[in-house]
Chemist: 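One structure is given below, represented as C-alpha coordinates, and several questions about it will come after.
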2 protein chains.
Amino acid sequence: MPAHILVVEDEPAIQALIAANLERAGHVVLRALDAETGLRLVNEALPDLILLDWMLPGMSGIDLARRLRANERTRSVPIIMLTARSEEQDKVRGLETGADDYVTKPFSPRELQARINAVLRRRAPQMTEDPVEVGGLRIDPASHRVSAGGQPVNLGPTEFRLLHFLMTHRERVHSRPQLLDQVWGDHVFVEERTVDVHIRRLRSALEATGHDALIQTVRGSGYRFSAMPAA
Amino acid sequence: MPAHILVVEDEPAIQALIAANLERAGHVVLRALDAETGLRLVNEALPDLILLDWMLPGMSGIDLARRLRANERTRSVPIIMLTARSEEQDKVRGLETGADDYVTKPFSPRELQARINAVLRRRAPQMTEDPVEVGGLRIDPASHRVSAGGQPVNLGPTEFRLLHFLMTHRERVHSRPQLLDQVWGDHVFVEERTVDVHIRRLRSALEATGHDALIQTVRGSGYRFSAMPAA
DNA sequence: CCGGCCGGTGACAATATTGTGACAGCCCCG
DNA sequence: CGGGGCTGTCACAATATTGTCACCGGCCGG
(Lines give C-alpha, C1' and ligand atoms only; values in the text may rest on other atoms or scores of the structure.)
Protein backbone atom coordinates (compact mmCIF):
# COMPACT_ATOMS: atom_id res chain seq x y z
CA MET A 1 0.00 0.00 0.00
CA PRO A 2 1.77 3.08 -1.28
CA ALA A 3 1.28 6.14 0.90
CA HIS A 4 2.11 9.81 0.74
CA ILE A 5 4.51 10.52 3.54
CA LEU A 6 5.78 13.91 4.62
CA VAL A 7 9.25 13.91 6.16
CA VAL A 8 10.12 16.96 8.24
CA GLU A 9 13.79 16.69 9.14
CA ASP A 10 16.37 19.44 9.18
CA GLU A 11 19.45 17.32 8.65
CA PRO A 12 19.68 16.77 4.91
CA ALA A 13 21.67 13.57 5.22
CA ILE A 14 19.16 11.89 7.49
CA GLN A 15 16.28 13.17 5.45
CA ALA A 16 17.76 11.74 2.30
CA LEU A 17 18.36 8.42 3.98
CA ILE A 18 14.81 8.19 5.23
CA ALA A 19 13.37 9.31 1.91
CA ALA A 20 15.38 6.77 -0.02
CA ASN A 21 14.17 4.00 2.22
CA LEU A 22 10.59 5.04 2.00
CA GLU A 23 10.70 5.38 -1.76
CA ARG A 24 12.24 1.99 -2.07
CA ALA A 25 9.26 0.71 -0.11
CA GLY A 26 6.96 2.25 -2.68
CA HIS A 27 5.87 5.36 -0.84
CA VAL A 28 5.66 8.87 -2.23
CA VAL A 29 7.83 11.19 -0.16
CA LEU A 30 7.34 14.89 0.47
CA ARG A 31 10.26 16.71 2.07
CA ALA A 32 10.55 19.66 4.39
CA LEU A 33 13.65 20.96 6.13
CA ASP A 34 11.73 22.93 8.73
CA ALA A 35 8.36 23.08 10.42
CA GLU A 36 7.12 26.08 8.49
CA THR A 37 7.69 24.36 5.16
CA GLY A 38 6.09 21.25 6.53
CA LEU A 39 3.01 23.17 7.56
CA ARG A 40 2.74 24.73 4.14
CA LEU A 41 2.98 21.36 2.43
CA VAL A 42 0.34 19.89 4.71
CA ASN A 43 -2.01 22.72 3.90
CA GLU A 44 -1.49 22.16 0.20
CA ALA A 45 -2.25 18.49 0.31
CA LEU A 46 -2.87 16.16 3.23
CA PRO A 47 -0.29 13.37 3.45
CA ASP A 48 -1.16 9.93 4.80
CA LEU A 49 1.51 10.14 7.45
CA ILE A 50 4.03 12.60 8.83
CA LEU A 51 7.51 11.77 10.09
CA LEU A 52 8.47 14.63 12.30
CA ASP A 53 11.81 15.42 13.88
CA TRP A 54 11.57 16.61 17.45
CA MET A 55 14.26 19.27 17.21
CA LEU A 56 13.93 21.67 14.35
CA PRO A 57 15.26 25.15 13.66
CA GLY A 58 12.56 27.72 14.27
CA MET A 59 9.25 26.11 15.12
CA SER A 60 9.94 22.82 16.87
CA GLY A 61 8.48 19.47 15.94
CA ILE A 62 6.27 19.51 19.00
CA ASP A 63 4.89 22.89 18.13
CA LEU A 64 4.11 21.73 14.63
CA ALA A 65 2.40 18.63 15.95
CA ARG A 66 0.33 20.66 18.35
CA ARG A 67 -0.62 23.01 15.59
CA LEU A 68 -1.67 20.23 13.28
CA ARG A 69 -3.74 18.68 16.04
CA ALA A 70 -5.51 21.94 16.68
CA ASN A 71 -6.82 22.10 13.16
CA GLU A 72 -9.83 20.00 12.31
CA ARG A 73 -8.66 19.28 8.78
CA THR A 74 -5.18 18.11 9.70
CA ARG A 75 -6.08 16.54 12.99
CA SER A 76 -6.42 13.01 11.81
CA VAL A 77 -3.09 12.71 10.02
CA PRO A 78 -0.92 10.24 11.91
CA ILE A 79 2.39 11.55 13.21
CA ILE A 80 5.50 9.60 14.09
CA MET A 81 8.04 11.57 16.07
CA LEU A 82 11.75 11.17 15.44
CA THR A 83 14.06 12.00 18.30
CA ALA A 84 17.56 11.54 19.55
CA ARG A 85 16.46 11.52 23.13
CA SER A 86 15.07 8.47 24.73
CA GLU A 87 13.88 9.74 28.06
CA GLU A 88 10.46 8.50 29.04
CA GLN A 89 9.38 11.98 29.97
CA ASP A 90 9.91 13.15 26.45
CA LYS A 91 7.92 10.30 25.09
CA VAL A 92 5.08 11.16 27.36
CA ARG A 93 5.24 14.75 26.27
CA GLY A 94 5.34 13.67 22.65
CA LEU A 95 2.29 11.50 23.04
CA GLU A 96 0.51 14.27 24.85
CA THR A 97 0.91 16.52 21.88
CA GLY A 98 -0.71 13.85 19.80
CA ALA A 99 2.07 11.80 18.27
CA ASP A 100 0.94 8.34 17.26
CA ASP A 101 4.29 6.75 17.79
CA TYR A 102 7.81 7.55 18.63
CA VAL A 103 11.08 6.44 17.07
CA THR A 104 14.43 7.24 18.64
CA LYS A 105 17.49 7.89 16.55
CA PRO A 106 19.48 6.06 15.50
CA PHE A 107 16.97 3.65 14.06
CA SER A 108 17.16 0.94 11.46
CA PRO A 109 15.21 1.33 8.21
CA ARG A 110 13.48 -1.92 8.99
CA GLU A 111 12.24 -0.70 12.34
CA LEU A 112 11.01 2.55 10.89
CA GLN A 113 9.16 0.69 8.18
CA ALA A 114 7.57 -1.54 10.78
CA ARG A 115 6.32 1.44 12.76
CA ILE A 116 5.00 3.11 9.67
CA ASN A 117 3.10 0.03 8.67
CA ALA A 118 1.67 -0.34 12.14
CA VAL A 119 0.38 3.20 12.19
CA LEU A 120 -1.01 3.07 8.67
CA ARG A 121 -2.67 -0.24 9.33
CA ARG A 122 -4.31 1.03 12.47
CA ARG A 123 -6.04 3.96 10.86
CA ALA A 124 -9.25 3.70 8.87
CA PRO A 125 -9.25 -0.02 8.10
CA GLN A 126 -11.77 -0.21 5.29
CA MET A 127 -13.23 3.05 4.17
CA THR A 128 -15.25 2.25 1.08
CA GLU A 129 -16.35 4.74 -1.52
CA ASP A 130 -19.51 2.86 -2.36
CA PRO A 131 -22.82 4.46 -1.53
CA VAL A 132 -24.86 2.80 1.17
CA GLU A 133 -28.63 2.85 1.58
CA VAL A 134 -30.67 1.58 4.48
CA GLY A 135 -34.36 2.13 5.01
CA GLY A 136 -34.54 5.11 2.69
CA LEU A 137 -31.48 6.73 4.16
CA ARG A 138 -28.72 7.04 1.63
CA ILE A 139 -25.12 8.14 2.04
CA ASP A 140 -22.67 8.56 -0.80
CA PRO A 141 -19.05 9.00 0.25
CA ALA A 142 -17.91 9.81 -3.28
CA SER A 143 -20.13 12.84 -3.69
CA HIS A 144 -20.26 13.46 0.03
CA ARG A 145 -24.03 13.61 -0.03
CA VAL A 146 -26.76 12.30 2.23
CA SER A 147 -30.44 11.97 1.51
CA ALA A 148 -33.29 10.77 3.66
CA GLY A 149 -36.40 9.63 1.86
CA GLY A 150 -35.40 11.66 -1.17
CA GLN A 151 -34.80 14.82 0.82
CA PRO A 152 -31.21 16.07 0.91
CA VAL A 153 -29.68 16.25 4.35
CA ASN A 154 -26.96 18.64 5.36
CA LEU A 155 -24.28 17.34 7.69
CA GLY A 156 -21.01 18.62 9.03
CA PRO A 157 -17.87 16.61 8.26
CA THR A 158 -17.80 14.86 11.61
CA GLU A 159 -21.45 13.89 11.53
CA PHE A 160 -20.92 12.66 8.00
CA ARG A 161 -18.07 10.38 9.00
CA LEU A 162 -20.01 9.22 12.03
CA LEU A 163 -23.05 8.33 9.97
CA HIS A 164 -20.93 6.64 7.35
CA PHE A 165 -19.18 4.52 9.91
CA LEU A 166 -22.44 3.55 11.56
CA MET A 167 -24.10 2.70 8.27
CA THR A 168 -21.21 0.56 7.14
CA HIS A 169 -21.14 -1.23 10.49
CA ARG A 170 -24.78 -1.63 11.32
CA GLU A 171 -26.49 -4.10 13.59
CA ARG A 172 -23.77 -3.86 16.14
CA VAL A 173 -23.11 -1.76 19.20
CA HIS A 174 -20.19 0.59 19.21
CA SER A 175 -18.84 1.88 22.48
CA ARG A 176 -17.86 5.50 22.76
CA PRO A 177 -14.14 4.70 22.78
CA GLN A 178 -14.60 2.63 19.64
CA LEU A 179 -16.42 5.41 17.88
CA LEU A 180 -13.77 7.91 18.88
CA ASP A 181 -11.07 5.61 17.50
CA GLN A 182 -12.89 4.91 14.27
CA VAL A 183 -14.48 8.25 13.50
CA TRP A 184 -12.23 10.79 15.17
CA GLY A 185 -8.96 8.85 15.01
CA ASP A 186 -7.13 6.98 17.71
CA HIS A 187 -4.79 9.79 18.65
CA VAL A 188 -7.39 12.47 19.04
CA PHE A 189 -8.06 13.40 22.63
CA VAL A 190 -11.62 14.45 23.18
CA GLU A 191 -14.18 13.78 25.86
CA GLU A 192 -16.16 10.60 25.46
CA ARG A 193 -19.38 12.50 25.82
CA THR A 194 -18.56 14.40 22.66
CA VAL A 195 -19.86 11.35 20.88
CA ASP A 196 -23.26 11.88 22.46
CA VAL A 197 -23.39 15.43 21.22
CA HIS A 198 -22.64 14.44 17.66
CA ILE A 199 -25.10 11.60 17.81
CA ARG A 200 -27.68 14.11 18.87
CA ARG A 201 -26.80 16.49 16.04
CA LEU A 202 -27.01 13.63 13.62
CA ARG A 203 -30.39 12.62 14.95
CA SER A 204 -31.82 16.09 14.78
CA ALA A 205 -30.67 16.34 11.18
CA LEU A 206 -32.50 13.11 10.37
CA GLU A 207 -35.50 13.92 12.50
CA ALA A 208 -37.48 15.63 9.75
CA THR A 209 -37.92 12.36 7.87
CA GLY A 210 -38.06 10.13 10.92
CA HIS A 211 -34.79 8.44 10.08
CA ASP A 212 -33.37 9.37 13.45
CA ALA A 213 -34.90 6.14 14.74
CA LEU A 214 -32.21 4.23 12.88
CA ILE A 215 -29.64 5.44 15.37
CA GLN A 216 -30.35 3.64 18.60
CA THR A 217 -28.96 4.08 22.06
CA VAL A 218 -27.85 0.97 23.87
CA ARG A 219 -27.71 1.97 27.48
CA GLY A 220 -24.47 1.03 29.17
CA SER A 221 -22.83 0.04 25.91
CA GLY A 222 -22.95 2.70 23.23
CA TYR A 223 -24.83 3.28 20.01
CA ARG A 224 -26.15 1.10 17.22
CA PHE A 225 -27.35 1.70 13.70
CA SER A 226 -30.17 -0.65 12.89
CA ALA A 227 -33.06 -0.93 10.49
CA MET A 228 -34.94 -3.00 13.04
CA PRO A 229 -36.94 -1.02 15.55
CA ALA A 230 -35.39 -0.73 18.98
CA ALA A 231 -36.58 -3.40 21.35
CA MET B 1 -6.80 5.75 40.74
CA PRO B 2 -3.16 5.45 39.69
CA ALA B 3 -2.19 1.80 39.47
CA HIS B 4 1.04 -0.16 39.32
CA ILE B 5 1.07 -1.96 36.02
CA LEU B 6 3.56 -4.56 34.86
CA VAL B 7 4.13 -4.69 31.12
CA VAL B 8 5.67 -7.89 29.81
CA GLU B 9 6.44 -7.36 26.15
CA ASP B 10 9.53 -8.45 24.26
CA GLU B 11 9.51 -5.82 21.57
CA PRO B 12 11.16 -2.75 23.11
CA ALA B 13 9.43 -0.32 20.78
CA ILE B 14 5.95 -1.56 21.58
CA GLN B 15 6.77 -1.77 25.23
CA ALA B 16 7.96 1.83 25.25
CA LEU B 17 4.83 3.00 23.46
CA ILE B 18 2.57 1.21 25.87
CA ALA B 19 4.53 2.42 28.85
CA ALA B 20 4.46 6.02 27.71
CA ASN B 21 0.73 5.88 27.20
CA LEU B 22 0.14 4.35 30.59
CA GLU B 23 2.35 6.89 32.27
CA ARG B 24 0.50 9.67 30.59
CA ALA B 25 -2.62 8.24 32.15
CA GLY B 26 -0.96 8.49 35.53
CA HIS B 27 -0.03 4.85 36.11
CA VAL B 28 3.26 3.56 37.44
CA VAL B 29 4.82 1.19 34.94
CA LEU B 30 7.09 -1.78 35.58
CA ARG B 31 8.76 -3.31 32.53
CA ALA B 32 9.89 -6.77 31.61
CA LEU B 33 11.20 -7.96 28.27
CA ASP B 34 10.57 -11.61 28.99
CA ALA B 35 8.44 -13.85 31.16
CA GLU B 36 11.25 -14.75 33.55
CA THR B 37 11.94 -11.12 34.38
CA GLY B 38 8.23 -10.53 34.71
CA LEU B 39 7.91 -13.35 37.18
CA ARG B 40 10.78 -11.98 39.23
CA LEU B 41 9.21 -8.53 39.35
CA VAL B 42 5.90 -9.94 40.40
CA ASN B 43 7.55 -11.83 43.23
CA GLU B 44 9.26 -8.68 44.41
CA ALA B 45 6.10 -6.63 44.54
CA LEU B 46 2.59 -7.43 43.41
CA PRO B 47 1.36 -5.07 40.68
CA ASP B 48 -2.29 -4.09 40.36
CA LEU B 49 -2.45 -5.36 36.81
CA ILE B 50 -0.32 -7.21 34.29
CA LEU B 51 -0.24 -6.61 30.55
CA LEU B 52 1.14 -9.76 29.05
CA ASP B 53 2.21 -10.43 25.51
CA TRP B 54 1.09 -13.79 24.22
CA MET B 55 4.26 -14.61 22.34
CA LEU B 56 7.49 -14.22 24.27
CA PRO B 57 10.97 -15.65 23.87
CA GLY B 58 11.55 -18.46 26.33
CA MET B 59 8.60 -18.92 28.62
CA SER B 60 5.50 -17.86 26.73
CA GLY B 61 2.93 -15.43 28.00
CA ILE B 62 0.42 -18.16 28.48
CA ASP B 63 2.86 -20.18 30.55
CA LEU B 64 3.52 -17.19 32.75
CA ALA B 65 -0.19 -16.62 33.18
CA ARG B 66 -0.69 -20.23 34.16
CA ARG B 67 2.14 -20.00 36.61
CA LEU B 68 0.82 -16.86 38.22
CA ARG B 69 -2.58 -18.44 38.53
CA ALA B 70 -1.09 -21.48 40.20
CA ASN B 71 0.52 -19.43 42.92
CA GLU B 72 -1.68 -18.50 45.82
CA ARG B 73 -0.15 -15.08 46.27
CA THR B 74 -0.30 -14.01 42.64
CA ARG B 75 -3.53 -15.72 41.73
CA SER B 76 -5.72 -12.70 42.05
CA VAL B 77 -3.67 -10.23 40.02
CA PRO B 78 -5.68 -9.33 36.92
CA ILE B 79 -4.06 -10.13 33.57
CA ILE B 80 -4.76 -8.62 30.19
CA MET B 81 -3.33 -10.57 27.28
CA LEU B 82 -1.89 -8.84 24.24
CA THR B 83 -2.23 -10.88 21.08
CA ALA B 84 -1.67 -10.39 17.39
CA ARG B 85 -4.70 -10.63 15.17
CA SER B 86 -3.46 -13.86 13.65
CA GLU B 87 -3.52 -15.46 17.08
CA GLU B 88 -7.05 -14.31 17.69
CA GLN B 89 -8.54 -17.75 17.55
CA ASP B 90 -6.48 -18.51 20.61
CA LYS B 91 -8.34 -16.00 22.68
CA VAL B 92 -10.58 -18.62 24.12
CA ARG B 93 -7.56 -20.55 25.25
CA GLY B 94 -6.18 -17.39 26.78
CA LEU B 95 -9.31 -16.73 28.75
CA GLU B 96 -9.35 -20.30 29.90
CA THR B 97 -5.87 -19.82 31.26
CA GLY B 98 -7.23 -17.11 33.43
CA ALA B 99 -6.67 -13.90 31.52
CA ASP B 100 -9.20 -11.32 32.57
CA ASP B 101 -9.35 -9.81 29.14
CA TYR B 102 -7.41 -9.72 25.93
CA VAL B 103 -6.52 -6.98 23.49
CA THR B 104 -5.50 -7.62 19.91
CA LYS B 105 -2.62 -5.75 18.33
CA PRO B 106 -2.54 -3.26 16.84
CA PHE B 107 -4.64 -1.49 19.43
CA SER B 108 -5.31 2.16 20.08
CA PRO B 109 -4.20 3.72 23.34
CA ARG B 110 -7.80 4.61 24.08
CA GLU B 111 -9.01 1.07 23.65
CA LEU B 112 -6.26 -0.25 25.89
CA GLN B 113 -7.06 2.33 28.52
CA ALA B 114 -10.72 1.43 28.41
CA ARG B 115 -9.94 -2.25 28.95
CA ILE B 116 -7.55 -1.45 31.75
CA ASN B 117 -10.15 0.63 33.53
CA ALA B 118 -12.71 -2.12 33.14
CA VAL B 119 -10.40 -4.74 34.57
CA LEU B 120 -9.25 -2.56 37.43
CA ARG B 121 -12.90 -2.06 38.30
CA ARG B 122 -13.03 -5.85 38.22
CA ARG B 123 -15.92 -5.84 35.85
CA ALA B 124 -16.61 -9.31 34.57
CA PRO B 125 -15.76 -9.30 30.84
CA GLN B 126 -17.97 -10.92 28.30
CA MET B 127 -16.11 -13.74 26.69
CA THR B 128 -17.58 -14.14 23.26
CA GLU B 129 -19.32 -12.15 20.58
CA ASP B 130 -21.01 -15.13 19.04
CA PRO B 131 -24.78 -15.22 19.12
CA VAL B 132 -26.39 -18.01 21.11
CA GLU B 133 -29.82 -19.49 20.52
CA VAL B 134 -31.70 -21.96 22.65
CA GLY B 135 -35.30 -22.98 22.23
CA GLY B 136 -36.23 -19.90 20.22
CA LEU B 137 -34.49 -17.55 22.60
CA ARG B 138 -31.65 -15.73 20.94
CA ILE B 139 -29.01 -13.41 22.35
CA ASP B 140 -26.47 -11.56 20.25
CA PRO B 141 -23.67 -9.76 22.09
CA ALA B 142 -22.39 -8.01 18.97
CA SER B 143 -25.61 -6.14 18.32
CA HIS B 144 -26.62 -6.37 21.95
CA ARG B 145 -30.03 -7.72 21.04
CA VAL B 146 -32.28 -10.37 22.46
CA SER B 147 -35.25 -11.93 20.76
CA ALA B 148 -37.70 -14.51 22.01
CA GLY B 149 -39.62 -16.36 19.34
CA GLY B 150 -38.93 -13.56 16.89
CA GLN B 151 -40.12 -10.86 19.26
CA PRO B 152 -37.51 -8.34 20.38
CA VAL B 153 -36.90 -8.25 24.11
CA ASN B 154 -35.69 -5.26 26.04
CA LEU B 155 -33.22 -5.84 28.85
CA GLY B 156 -31.14 -3.66 31.11
CA PRO B 157 -27.34 -4.13 31.03
CA THR B 158 -27.26 -6.38 34.07
CA GLU B 159 -30.08 -8.59 32.92
CA PHE B 160 -28.38 -8.82 29.55
CA ARG B 161 -25.12 -10.01 31.11
CA LEU B 162 -27.00 -12.37 33.36
CA LEU B 163 -28.90 -13.95 30.50
CA HIS B 164 -25.77 -14.17 28.41
CA PHE B 165 -23.91 -15.94 31.17
CA LEU B 166 -26.75 -18.36 31.79
CA MET B 167 -27.16 -19.15 28.12
CA THR B 168 -23.46 -19.78 27.64
CA HIS B 169 -23.38 -21.98 30.74
CA ARG B 170 -26.64 -23.82 30.48
CA GLU B 171 -27.73 -27.09 32.00
CA ARG B 172 -25.80 -26.21 35.12
CA VAL B 173 -26.84 -24.90 38.46
CA HIS B 174 -25.22 -21.65 39.52
CA SER B 175 -25.30 -20.53 43.12
CA ARG B 176 -25.97 -16.93 43.94
CA PRO B 177 -22.36 -16.23 44.92
CA GLN B 178 -21.20 -17.75 41.65
CA LEU B 179 -23.56 -15.59 39.67
CA LEU B 180 -22.44 -12.51 41.54
CA ASP B 181 -18.82 -13.30 40.72
CA GLN B 182 -19.46 -14.08 37.08
CA VAL B 183 -22.03 -11.48 36.21
CA TRP B 184 -21.44 -8.64 38.62
CA GLY B 185 -17.68 -9.01 39.10
CA ASP B 186 -15.71 -10.49 41.94
CA HIS B 187 -15.14 -7.48 44.13
CA VAL B 188 -18.67 -6.19 44.10
CA PHE B 189 -20.47 -6.02 47.38
CA VAL B 190 -24.15 -6.65 46.90
CA GLU B 191 -26.78 -8.66 48.67
CA GLU B 192 -27.18 -12.21 47.46
CA ARG B 193 -30.87 -11.72 47.13
CA THR B 194 -30.21 -9.11 44.48
CA VAL B 195 -29.69 -12.03 42.14
CA ASP B 196 -33.28 -13.12 42.78
CA VAL B 197 -34.55 -9.70 41.82
CA HIS B 198 -32.69 -9.69 38.54
CA ILE B 199 -33.76 -13.23 37.79
CA ARG B 200 -37.29 -12.08 38.31
CA ARG B 201 -36.83 -9.10 36.00
CA LEU B 202 -35.36 -11.37 33.40
CA ARG B 203 -38.26 -13.76 33.71
CA SER B 204 -40.89 -11.11 33.44
CA ALA B 205 -39.21 -9.80 30.30
CA LEU B 206 -39.37 -13.28 28.79
CA GLU B 207 -42.81 -14.04 30.12
CA ALA B 208 -44.67 -12.71 27.09
CA THR B 209 -43.38 -15.53 24.92
CA GLY B 210 -43.20 -18.15 27.61
CA HIS B 211 -39.43 -18.32 27.53
CA ASP B 212 -39.27 -17.57 31.21
CA ALA B 213 -39.58 -21.29 31.75
CA LEU B 214 -36.01 -21.71 30.53
CA ILE B 215 -34.75 -20.15 33.72
CA GLN B 216 -35.31 -22.63 36.48
CA THR B 217 -35.03 -22.31 40.21
CA VAL B 218 -33.18 -25.05 42.02
CA ARG B 219 -34.35 -24.73 45.56
CA GLY B 220 -31.52 -24.57 48.03
CA SER B 221 -28.86 -24.27 45.32
CA GLY B 222 -29.43 -21.50 42.83
CA TYR B 223 -30.60 -21.10 39.27
CA ARG B 224 -30.23 -23.03 36.06
CA PHE B 225 -30.80 -22.27 32.41
CA SER B 226 -32.15 -25.35 30.70
CA ALA B 227 -33.98 -26.21 27.52
CA MET B 228 -35.40 -29.26 29.25
CA PRO B 229 -38.50 -28.82 31.39
CA ALA B 230 -37.87 -28.68 35.10
CA ALA B 231 -37.58 -32.09 36.76
C1' DC C 1 -50.74 -29.55 61.39
C1' DC C 2 -47.05 -26.21 62.63
C1' DG C 3 -43.20 -23.28 62.31
C1' DG C 4 -39.02 -22.29 59.73
C1' DC C 5 -36.69 -21.68 55.40
C1' DC C 6 -36.42 -20.08 50.86
C1' DG C 7 -37.65 -17.94 46.88
C1' DG C 8 -41.13 -14.61 44.52
C1' DT C 9 -42.79 -9.85 44.22
C1' DG C 10 -43.95 -4.99 44.20
C1' DA C 11 -42.45 -0.69 45.74
C1' DC C 12 -38.76 2.65 46.38
C1' DA C 13 -34.98 5.79 46.70
C1' DA C 14 -30.33 6.11 45.21
C1' DT C 15 -27.42 5.96 41.21
C1' DA C 16 -25.81 5.82 36.73
C1' DT C 17 -26.29 7.04 32.17
C1' DT C 18 -27.87 9.69 28.31
C1' DG C 19 -30.32 13.73 26.17
C1' DT C 20 -30.14 18.76 25.57
C1' DG C 21 -29.32 23.63 25.20
C1' DA C 22 -25.96 27.03 25.55
C1' DC C 23 -21.38 28.75 24.70
C1' DA C 24 -16.76 29.98 23.40
C1' DG C 25 -13.05 29.02 20.20
C1' DC C 26 -11.49 28.33 15.47
C1' DC C 27 -11.19 28.31 10.69
C1' DC C 28 -12.63 29.68 6.32
C1' DC C 29 -14.92 32.62 3.18
C1' DG C 30 -16.20 36.59 1.62
C1' DC D 1 -12.14 42.11 9.76
C1' DG D 2 -16.96 40.22 10.38
C1' DG D 3 -20.14 36.42 9.97
C1' DG D 4 -21.35 31.70 9.54
C1' DG D 5 -20.48 26.99 10.12
C1' DC D 6 -18.46 23.41 13.05
C1' DT D 7 -16.64 21.56 17.16
C1' DG D 8 -15.71 20.19 21.82
C1' DT D 9 -17.25 20.97 26.72
C1' DC D 10 -20.24 21.98 30.34
C1' DA D 11 -23.92 22.10 33.48
C1' DC D 12 -28.41 20.52 34.05
C1' DA D 13 -32.59 17.96 32.95
C1' DA D 14 -34.68 13.65 31.86
C1' DT D 15 -34.61 8.67 32.14
C1' DA D 16 -33.38 4.12 32.92
C1' DT D 17 -31.32 0.87 35.90
C1' DT D 18 -30.08 -0.96 40.36
C1' DG D 19 -29.74 -2.69 44.94
C1' DT D 20 -32.61 -3.31 49.14
C1' DC D 21 -36.54 -4.03 51.85
C1' DA D 22 -40.56 -5.79 53.69
C1' DC D 23 -44.03 -8.83 52.98
C1' DC D 24 -46.05 -13.13 50.96
C1' DG D 25 -46.82 -17.78 50.05
C1' DG D 26 -45.29 -22.38 49.29
C1' DC D 27 -42.53 -26.46 50.63
C1' DC D 28 -40.55 -29.48 54.11
C1' DG D 29 -39.16 -31.79 58.09
C1' DG D 30 -40.77 -32.73 62.50
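Proteins get letters first, then strands, A, B, ... in listed order; numbering begins at 1 in each.
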Chemist: Which letter, B, S or -, goes with each nucleotide of nucleotides 22-30 of chain C from 5' to 3', with contact meaning a protein heavy atom under 4.0 Å?
Modeler: B----SS--
Chemist: Does anything in residues 171-181 of chain A pair up under salt bridge (charged side-chain N to carboxylate O under 4.0 Å, His left out), and if so which pairs, sequence neighbours excluded?
Modeler: Glu171(A)-Arg145(B), Arg172(A)-Glu129(B), Arg176(A)-Asp196(A), Asp181(A)-Arg110(B)
Chemist: Below 4.0 angstrom, N of the basic side chain to O of the carboxylate: do Arg31(A) and Asp53(A) qualify?
Modeler: no
Chemist: Can you check whether Ile80(B) reaches Ile5(B) side chain to side chain, under 4.5 Å on heavy atoms?
Modeler: no
Chemist: Distance check needed: dC6(D) C1' versus Arg75(A) CZ, whole Å only.
Modeler: 11 Å
Chemist: Mind checking what makes salt bridge (Lys or Arg N to Asp or Glu O under 4.0 Å) contact with Asp186(B), not counting sequence neighbours?
Modeler: Arg122(B)
Chemist: Parallel, tilted or perpendicular: which one describes the rings of Phe160(B) and His144(B), with boundaries at 30° and 60°?
Modeler: parallel
Chemist: Please write out each protein N/O paired with an N/O of nucleotides 25-30 of chain D under 3.5 Å, distance rounded to 0.1 Å.
Modeler:
unit_1  : atom_1 : unit_2    : atom_2 : d
dG26(D) : N2     : Arg219(B) : NH2    : 2.9

Chemist: OP1 or OP2 of dT18(D) versus the side-chain N and O atoms of Trp184(B): is any pair under 4.0 Å?
Modeler: no
Chemist: Does Tyr223(B) put a side-chain nitrogen or oxygen below 4.0 Å from OP1 or OP2 of dC6(C)?
Modeler: no
Chemist: Are Leu112(B) and Ile18(B) side-chain neighbours, meaning at least one heavy-atom pair lies under 4.5 Å?
Modeler: yes
Chemist: Between Arg200(B) (CZ) and dC21(D) (P), how many Å, whole number?
Modeler: 17 Å
Chemist: If I take atom CZ in residue Arg203(B) and atom P in nucleotide dG10(C), what distance separates them, rounded to the nearest angstrom?
Modeler: 13 Å
Chemist: Please list, in numerical order, the residues of residues 156-163 of chain B that have a heavy atom closer than 4.0 Å to any atom of DNA chain D.
Modeler: Gly156(B), Pro157(B), Thr158(B), Glu159(B)
Chemist: By salt bridge (Lys or Arg N to Asp or Glu O under 4.0 Å), which residues pair with Arg203(A), not counting sequence neighbours?
Modeler: none
Chemist: How long is the line joining CD of Glu191(B) and P of dA22(D), in whole Å?
Modeler: 11 Å
Chemist: Under 4.0 Å between any heavy atoms, over every strand shown, what does Arg193(B) touch: base, sugar-phosphate, or nothing? Just pick one.
Modeler: base
Chemist: Under 4.0 Å between a side-chain N or O of Thr194(B) and OP1 or OP2 of dT20(D)?
Modeler: yes
Chemist: Separation of Asp196(A) atom CG from dG21(C) atom P, in whole Å?
Modeler: 14 Å
Chemist: For Arg121(B), is there an ion pair with Asp100(B) - N to carboxylate O distance below 4.0 angstrom?
Modeler: no
Chemist: What integer distance in Å separates Leu155(A):CG from dG5(D):C1'?
Modeler: 13 Å
Chemist: Is the backbone of Met167(B) close enough, under 3.5 Å, to the side chain of Arg170(B) for a donor and an acceptor to pair up by distance?
Modeler: yes
Chemist: Starting from P on dG7(C), measure out to CG on Leu179(B) and report it in whole angstrom.
Modeler: 12 Å
Chemist: Could you go through His198(A) and Val183(A), starting from their C-alpha distance and side-chain angles, then the distance that decides it, and tell me whether this counts as side chain to side chain contact (heavy atoms under 4.5 Å, CB included)?
Modeler: CA-CA 11 Å; His198(A) 281 273; Val183(A) 178; over 6 Å; no
Chemist: Counting only side-chain N and O atoms of Thr217(B), is one of them less than 4.0 Å from OP1 or OP2 of dG8(C)?
Modeler: yes
Chemist: For His174(A) and Phe165(A), what are the C-alpha separation, side-chain angles and deciding distance, and is it a side chain to side chain contact (heavy atoms under 4.5 Å, CB included)?
Modeler: CA-CA 10 Å; His174(A) 305 284; Phe165(A) 176 78; 3.7 Å; yes
